[in-house]
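Some notes on the structure that comes next.
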Amino acid sequence: MPEGIVQTQVKDAIHHALSMAKEQGQLTASSLPSPTLELPKREEWGDFACNVAMAMAKVEHRSPVEIASLLAEHLKEARTVIEHVEVANPGFLNLTLVPSVWFAVLYDIEEKGKDYGRSEMGHGQRVLLEYVSANPTGPLHLGHGRGAALGDALSRMLQAVGYEVEREYYINDAGRQIKLLAASVFARYQELQGRCVTFPEDGYHGHYIQTVAKHIADQFGASLLDISASEAEERCGRLAYEELLTSIREDLRSFRVEFDSWFSEAELYASGKVQQALATLRERELAFEQEGALWFRSSQFQDDKDRVVCKQDGDYTYLASDIAYHQDKLKRGFDRLLNVWGADHHGYVSRMQGAVQAFGYPKDRLQMVLVQMVSLLRDGKKVEMSKRSGEFVTLQEVVKEVGVDAARFFFLMRRADSHLEFDVELAKRQSTENPVYYVQYAHARLSSLFRTAQARGVVMCTGRDVTLTALTQPEELRLIKHLSQFPDLVESCARFLEPHRLPFYLQELAGNLHVFYYKHRVLPLDKEDEVAGQPSIVGAKAYSAKSREVFSFEVMQARLFLLQQVQTVLRNGLELLGIRAPEQM
RNA sequence: GCGCCCGUAGCUCAGUUGGAUAGAGCAGCGGUCUUCUAAACCGCAGGUCGCAGGUUCGAUUCCUGCCGGGCGCGCCA
């Protein structure tokens, strides 16, 4: 795991202390543990905490505090890095670094810019990320939106840490759902032509079906009544499918969610891949016939029971095409398959992983991210949605109301597997209570500051020309430390497939910035000092009434430099969420 | 009945894979603009981490059993 430049130095120092202790016979263990660092909960406890002494206590037969104390002694040699060591109960080593060690973080960000936060963790492994994959039988609703935002953010994060990601949408354009769509639309079409028809029992009742039927009527008039009913129904299905899929694509695009490929289920049948997949299973005796149906022996793996793949009437079940689809993914040579699924499908995880194993791959070649339901909160009340009536809140209408940025942020700020309450009023509010604006404002505020600086003729220095030792305020160091965590954070988002950590991080970073900004000045107070950028100001003193602090040209330059790096991280973070980083608000 | 997920402040949720005195945002109360954006900041209050055991130096975190909520258990997708 590539770590921050700061962490590495600290770990090296601890490791050195361990070896010294061993060399001098203070430690008896044959192998030395590799120390891990954690961030203490309280600032008084220093910059890092290390529990290595506690971990060794047992094998060394000594108390953790004792071991920690002798390590603390050795750590005094690392005075260039570690300013202060404290042993705390029950055996922590609390380390406070020399402030200047932290400055390396700022140079690192300056150098990497857009690439700060990227890494090689994935080693170029190829990942197929499948998400949304909503049936083209209706518009996308809020739940799809959450899956879309999540899949998109994951793809950005995985790419950032060195995976090669292909984003795919699986189109269920075969089978029963499409037939029902066709029947539903045809029924509405006939109604529009003044005919009295019985609506299909499990048909789609949503109002959009009537809209689609109207479009068909506008285009073809009554002419579809002249052909056979089955042919007309099929035409209706085809037209409805195309219209609905097109609008899904458009909704996604305007939600800034893109795909590299759209994979058709019908194509799997047409190309014979379904039959081939089942043939493979038969060869391996993982499929068998019973009671006139063909079964997949999924109980061989971790499923509770075997599952039908081909029914008595000869039709395939959806499982058959899903198996074929995943075999196809495997054949395409991906190192990892990731599916973002609605949590209501969790029962299918084990059988799909069983299919992966059936084809000779380890089950964790396929991983699922399950995303829970979204409920909409309006005026503090839940908006009821019912699948039955086909009336649900669409992604499009919510995005129209709150904007893409707010919608994405809200979808991403909770763990995927917990229910999400989407508070429309909060998402629309343009104030500090709204986390999206809070973070975006931090970015815009900095842009505004830099514009003012430029207008006053202040020359922005590069890291080389800045005296960073001028940064001595706790709010400044707090910002730098927070920035140093960003690369690790991005990696953990990707490793655990948990994008929600990033919105939290950004809220904290924005908070740290706003506190700093409120407490300290960056540019001189007085407009008379507009010559600030010129050498003549060196030594001149500006005065901040708020903090009663005196600051110099060096302080101004150092703060500007610090804030540029803050802005870079805000921007990089927002980019990973697919959210705009506005220059002004 | 079986399986999966969830249970943390009044509400919505975090909690760095087992660490120290459990955090944030809303909502509530009270403060802060002669300031580079107040779209901001500060303070107060708020808790039996669902309950009970277990594992160990140490548990919100891991294990077991209950209680409560959601979802799934089709030759439906």
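Bear in mind that the values here come from a model prediction, so they are computed numbers and not experimental data. Lettering of chains follows the sequences in order, A, B, ..., and the numbering in each one begins at 1.
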When the C1' atoms of B:A59 and B:C71 are compared, how many Å lie between them, rounded to an integer?
28 Å
Between B:C75, B:C41, B:A20, which nucleotide has the shortest distance from any of its atoms to the side chain of A:Y438?
B:C41
Syn or anti for B:U8 (syn when the glycosidic angle lies within 90° of 0):
anti
Candidates B:A14, B:C75, B:U16 - which lies nearest the side chain of A:K41
B:U16
Output the rounded distance in Å from CZ (A:R351) to C1' (B:C75).
13 Å
Sugar-phosphate, base or nothing in reach of A:E421, heavy atoms under 4.0 Å
sugar-phosphate
For A:A444, which contact category applies under a 4.0 Å heavy-atom criterion: base, sugar-phosphate, or nothing?
base
Between B:C36, B:A40, B:A20, which nucleotide gets closest to the side-chain atoms of A:N94?
B:A20
Contact class for A:F92 (heavy atom, under 4.0 Å): base, sugar-phosphate, or nothing?
base
To the nearest angstrom, the CZ-P distance between A:R297 and B:C75 comes to 17 Å
Could you measure between the two P atoms, the one in B:A24 and the one in B:G43, and give it in whole Å?
10 Å
Complementary nucleotide of B:C2, counting Watson-Crick and G-U pairs under 3.5 Å
B:G72
Between B:C66 and B:G19 - P atom distance, rounded Å
28 Å
Is there a stack between A:W45 and B:A20, judged by ring centres under 5.5 Å and planes under 30°?
yes
What's the closest nucleotide to the A:M54 side chain, out of B:G19, B:C73, B:C75?
B:G19
Is the distance from OP1 or OP2 of B:U12 to the nearest side-chain N or O of A:H500 less than 4.0 Å?
no
What class does the angle between the rings of A:Y325 and A:F263 fall in, given that below 30° is parallel, 30 to 60° is tilted and above 60° is perpendicular?
tilted
Report yes if a donor N or O on one partner sits less than 3.5 Å from an acceptor N or O on the other, where the partners are the side chain of A:R42 and the base of B:U21; otherwise report no.
yes
Closest approach to the side chain of A:S418, judged atom by atom: which nucleotide of B:C13, B:A40, B:C36 is it?
B:C13
Inter-nucleotide C1' distance (B:A22, B:G30), Å rounded:
26 Å
Can a donor-acceptor pair under 3.5 Å be found between the side-chain atoms of A:H514 and the base atoms of B:C41?
no
With no hydrogens and no angle check, just 3.5 Å: does a side-chain donor-acceptor pair link A:E475 and A:Y518?
no
Considering only side-chain heavy atoms of A:F504, which listed nucleotide, B:A14, B:C6, B:C76, is closest?
B:A14
Heavy atoms only, 4.0 Å cut-off, all strands: where does A:Q584 land among base, sugar-phosphate and nothing?
base
Under-4.0 Å salt bridge between A:D328 and A:K273:
yes
Upstream residue (5' side of RNA chain B) when A:A55 and A:L449 are each assigned their closest nucleotide
A:A55
Tell me if the side-chain of A:Y518 makes a donor-acceptor pair with the base of B:U32, cut-off 3.5 Å, by modelled atom types.
yes
For a quick check of understanding: with a heavy-atom distance under 4.0 Å over all strands, which category does A:P90 fall into, base, sugar-phosphate or nothing?
base
Please report the C-alpha distance between A:F409 and A:Q507 in whole Å, then the side-chain angles of each, then the deciding distance to 0.1 Å, and finally whether the side chain to side chain contact (heavy atoms under 4.5 Å, CB included) criterion is met.
CA-CA 11 Å; A:F409 197 95; A:Q507 285 181 81; 4.1 Å; yes
Salt bridge or not between A:E421 and A:R414? Use side-chain N to carboxylate O under 4.0 Å.
no
Can you work out whether A:E583 or A:V515 has the more 5'-proximal nearest nucleotide on RNA chain B?
A:E583
Under 30°, 30 to 60°, or over 60°: which ring-plane class applies to A:Y316 and A:Y269, parallel, tilted or perpendicular?
tilted
Do A:N51 side-chain and B:A20 base share a donor-acceptor contact under 3.5 Å?
no
Nearest to the side chain of A:D344, heavy atoms from C-beta on, is which of B:G72, B:A38, B:C13?
B:G72
As a test of reading the structure: which of B:C76, B:A38, B:G19 is closest to the side chain of A:R176, going by heavy atoms?
B:C76
Starting the side chain at C-beta, find the nucleotide from B:C75, B:G15, B:C5 nearest to A:W295.
B:C75
For B:G74, does OP1 or OP2 lie under 4.0 Å from any side-chain N or O of A:K305?
yes
With the side chain of A:R414 defined as its heavy atoms from C-beta on, choose the nearest nucleotide among B:C41, B:A39, B:U12.
B:U12
Qualifying residue, where the test is side-chain contact (heavy atoms from CB on, under 4.5 Å) with A:N339 and the options are A:M352, A:Q367, A:H326
A:H326
Once you measure the plane-to-plane angle for A:F504 and A:H500, does it fall in the parallel (<30°), tilted (30-60°) or perpendicular (>60°) bin?
perpendicular
Salt bridge A:R176-A:D315, side-chain N to carboxylate O under 4.0 Å:
no
Would you say the side chain of A:H346 and the base of B:G3 hold a donor-acceptor pair, judged only by whether the two atoms sit under 3.5 Å apart?
yes
Given the P atoms of B:G28 and B:A38, what is the spacing between them in whole Å?
23 Å
For the pair made of OH in A:Y204 and C1' in B:C76, what is the distance, rounded to whole Å?
10 Å
Taking atom P in both B:A9 and B:C76, compute the distance separating them and give it to the nearest angstrom.
44 Å
Euclidean distance for P, B:C5 against B:G46 (whole angstrom):
35 Å
Reckon A:H345 touches a base, only the sugar-phosphate, or nothing at all at heavy-atom distances under 4.0 Å?
base
When you check the phosphate oxygens OP1 and OP2 of B:U8, does a side-chain N or O of A:R415 lie under 4.0 Å from one of them?
no
Heavy atoms only, 4.0 Å cut-off, all strands: where does A:A49 land among base, sugar-phosphate and nothing?
base
Please classify the nucleic acid contact of A:E291 as base, sugar-phosphate, or nothing, using heavy-atom distances under 4.0 Å.
base
P atom, B:C75 versus B:U60: distance in rounded Å?
45 Å
Under the rule syn = chi within 90° of 0, otherwise anti, which is B:C33?
syn
